[in-house]
Amino acid sequence: MKTIKAVVGVLRNKNQKILIAKRKKEQFMGGFWELPGGKIEIGESKEQAITRELKEELGIQVNQLSLHQTMMHKYEDRTVQLSIYNINEYQNTPLGIEDQAISWVGVNELNDYKLLPTMKAFISSIILPNKYWITPSNNHQSDKWMAKFNQKLNSDITLLQLRSKIELDYSFITELHNKCKKNNIKLLLNTVNKTFDEGYCDGWHITTTEMLKSNKRPCANNKLLGASTHNLAEALKAQAMGADFIVISPVQATKTHPDTLPLGWDSAKEVVDKLNIPVYFLGGMALKDLEKTQQLGAQGIAGVSAF
């Protein structure tokens with residue numbers, strides 16, 4: 001099976017719509033919509049390749065770009081190693097230079113198009129933020145716990161996991177969810193009594209044990225599903241059973257688990273490189289690690305006290 005290394009670019013207009021292009025009928029996967037880009041030629045860096053491809057396909061000159069995500073997808077006869085770049089600054093108006101159809105599409109409209117398989121993971125990656133806060137797992141409803149929760153409501157956190165090792169009252173979770181909705185924050189449940197039918201949340205986060213026991217996605221596709229993993233095999237299993245994103249840990253040594261051997265940056269990057277879905281790094285993370293994490297192609301960082 002041949003391996004193809006390719007790059008694509010994310011272009012946004014002033015309305016934050018994203019540019020997608022339709023593959024020609026005679027091409028592989030013809031008729032599907034994708035992000036513009038193409039194969040990396042011999043001797044090219046990824047940055048050189050995406051700059052050249054977008055000039056040839058759209059007639060634009062890339063001035064500034066940054067890595068958004070890496071992924072790998074296996075088709076029947078080929079494997080595609082894909083690097084997705086944010087095109088932060090460019091000159092000229094994008095056109096279909098090669099007579100390909102192009103369209104500016106809102107994030108919520110992307111699923112209305114016949115998209116390449118790699119695009120589903122991309123949609124998750126642009127919807128999800130770069131920080132994922134996990135609540136302390138005990139002393140819920142205490143003044144200290146509630147103060148911490150309320151503090152996050154007024155920060156830049158937009159995704160949080162309500163973690164609890166004991167059953168929580170329905171009315172308490174509903175109160176938290178209502179607070180989150182008012183602040184445009186998505187609340188995921190990681191509780192012992194979750195049923196995956198709760199209407200008072202935006203999705204669920206499952207433990208490694210729960211994930212290993214499941215062979216299929218336990219919730220509807222219009223809800224978010226995260227999973228905790230600790231190595232590449234578990235991460236691949238979570239992806240196969242339908243998780244929208246995973247958390248890999250511990251990347252670095254932690255004070256709470258001093259005897260646990262950390263994965264290290266190289267092993268964490270291998271997980272990112274082998275997965276199609278977004279990956280958050282957990283364990284010993286701090287805000288200063290966010291830039292490095294994203295440079296490695298991960299979605300961002302997760303933690304209880306990281307931010």
Side-chain angles (χ1 to χ4, degrees), residues 66-72 124-125 128-140 142 144-145 147-149 151-152 155-166 188-192 204-213 224-241 243-307:
S66 58
L67 182 65
H68 174 79
Q69 183 186 4
T70 60
M71 65 173 68
M72 181 170 64
S124 293
S125 74
L128 293 171
N130 58 21
K131 293 189 284 291
Y132 180 30
W133 183 57
I134 303 169
T135 69
S137 60
N138 50 27
N139 298 321
H140 302 86
S142 68
K144 183 178 180 180
W145 194 97
K148 189 77 172 179
F149 186 89
Q151 178 191 1
K152 297 304 177 186
S155 68
D156 62 348
I157 297 299
T158 57
L159 179 69
L160 68 84
Q161 175 195 140
L162 176 59
R163 185 174 57 140
S164 178
K165 297 177 182 179
I166 61 172
L188 306 188
L189 297 185
N190 181 6
T191 55
V192 293
W204 298 269
H205 188 102
I206 56 176
T207 65
T208 306
T209 301
E210 290 170 333
M211 180 271 296
L212 292 174
K213 289 180 179 178
L224 281 172
L225 180 67
S228 294
T229 64
H230 305 291
N231 54 51
L232 178 58
E234 291 175 356
L236 290 170
K237 171 70 163 57
Q239 176 176 269
M241 58 84 67
D244 294 306
F245 69 90
I246 64 113
V247 173
I248 186 76
S249 70
V251 176
Q252 300 188 98
T254 66
K255 294 180 180 179
T256 53
H257 299 87
D259 298 328
T260 302
L261 185 67
L263 289 164
W265 291 101
D266 290 343
S267 294
K269 184 181 186 305
E270 182 185 11
V271 171
V272 172
D273 291 343
K274 294 292 177 63
L275 260 66
N276 293 341
I277 58 177
V279 176
Y280 287 99
F281 288 0
L282 172 66
M285 292 291 107
L287 278 176
K288 63 180 177 61
D289 299 308
L290 180 57
E291 183 178 357
K292 180 177 180 178
T293 298
Q294 291 182 299
Q295 287 174 347
L296 296 178
Q299 185 71 21
I301 60 176
V304 179
S305 56
F307 27 78

Given side chains that start at C-beta, do those of [X] and [Y] come closer than 4.5 Å, heavy atoms only?
| X | Y | value |
| --- | --- | --- |
| L188 | L225 | no |
| D244 | L128 | no |
| I134 | H205 | no |
| V247 | L282 | yes |
| N139 | K144 | no |
| H140 | T191 | no |

Compare every heavy atom of [Y] with every heavy atom of [X], then report the nearest pair and how far apart it is.
| X | Y | value |
| --- | --- | --- |
| L162 | T135 | CA-OG1, 3.7 Å |
| Q69 | S125 | OE1-OG, 3.0 Å |
| F307 | Y132 | CZ-O, 3.6 Å |
| M211 | A227 | CG-CB, 4.4 Å |
| A306 | A302 | CB-O, 4.5 Å |

Output a table of donor-acceptor pairs, distance under 3.5 Å, between side-chain atoms of residues 284-293 and any protein atom two or more places apart or on a different chain; print 'none' if there are none.
unit_1 : atom_1 : unit_2 : atom_2 : d
D289   : OD2    : A286   : N      : 2.9
E291   : OE2    : Q295   : NE2    : 3.4
T293   : OG1    : D289   : O      : 2.8

With rounding to the nearest 0.5 angstrom, report the [atom1] to [atom2] distance, [X] to [Y].
| X | Y | atom1 | atom2 | answer |
| --- | --- | --- | --- | --- |
| N138 | R163 | CG | CZ | 8.5 Å |
| Q299 | L275 | CD | CG | 12.5 Å |
| K237 | T208 | NZ | OG1 | 11.0 Å |
| K148 | W133 | NZ | CH2 | 7.0 Å |
| L67 | L296 | CG | CG | 9.0 Å |
| L224 | S124 | CG | OG | 7.0 Å |

- Note on the structure: H230 meets the ring pair (Phe, Tyr, Trp, His ring centres under 6.0 Å) criterion, sequence neighbours left out, with none
- Message: Restricting to ring pair (Phe, Tyr, Trp, His ring centres under 6.0 Å), what partner residues turn up for F149, sequence neighbours left out?
- Response: W145
Can you name the salt bridge (Lys or Arg N to Asp or Glu O under 4.0 Å) partners of [X], sequence neighbours left out?
| X | answer |
| --- | --- |
| K269 | D273 |
| D156 | K131 |
| E234 | none |

- Message: Enumerate the side chain to side chain donor-acceptor pair (under 3.5 Å) contacts for residues 274-286, please, sequence neighbours excluded, ordered by first and then second residue.
- Response: none
- Item | Contacts of S66 that satisfy side-chain hydrogen bond (donor to acceptor under 3.5 Å, both in side chains) - sequence neighbours left out | N88
Just jot down the side chain to side chain contact (heavy atoms under 4.5 Å, CB included) partners of [X], sequence neighbours excluded, or say none.
| X | result |
| --- | --- |
| L263 | I248, S267 |
| T158 | P129 |
| S305 | none |
| A268 | V251, F281 |

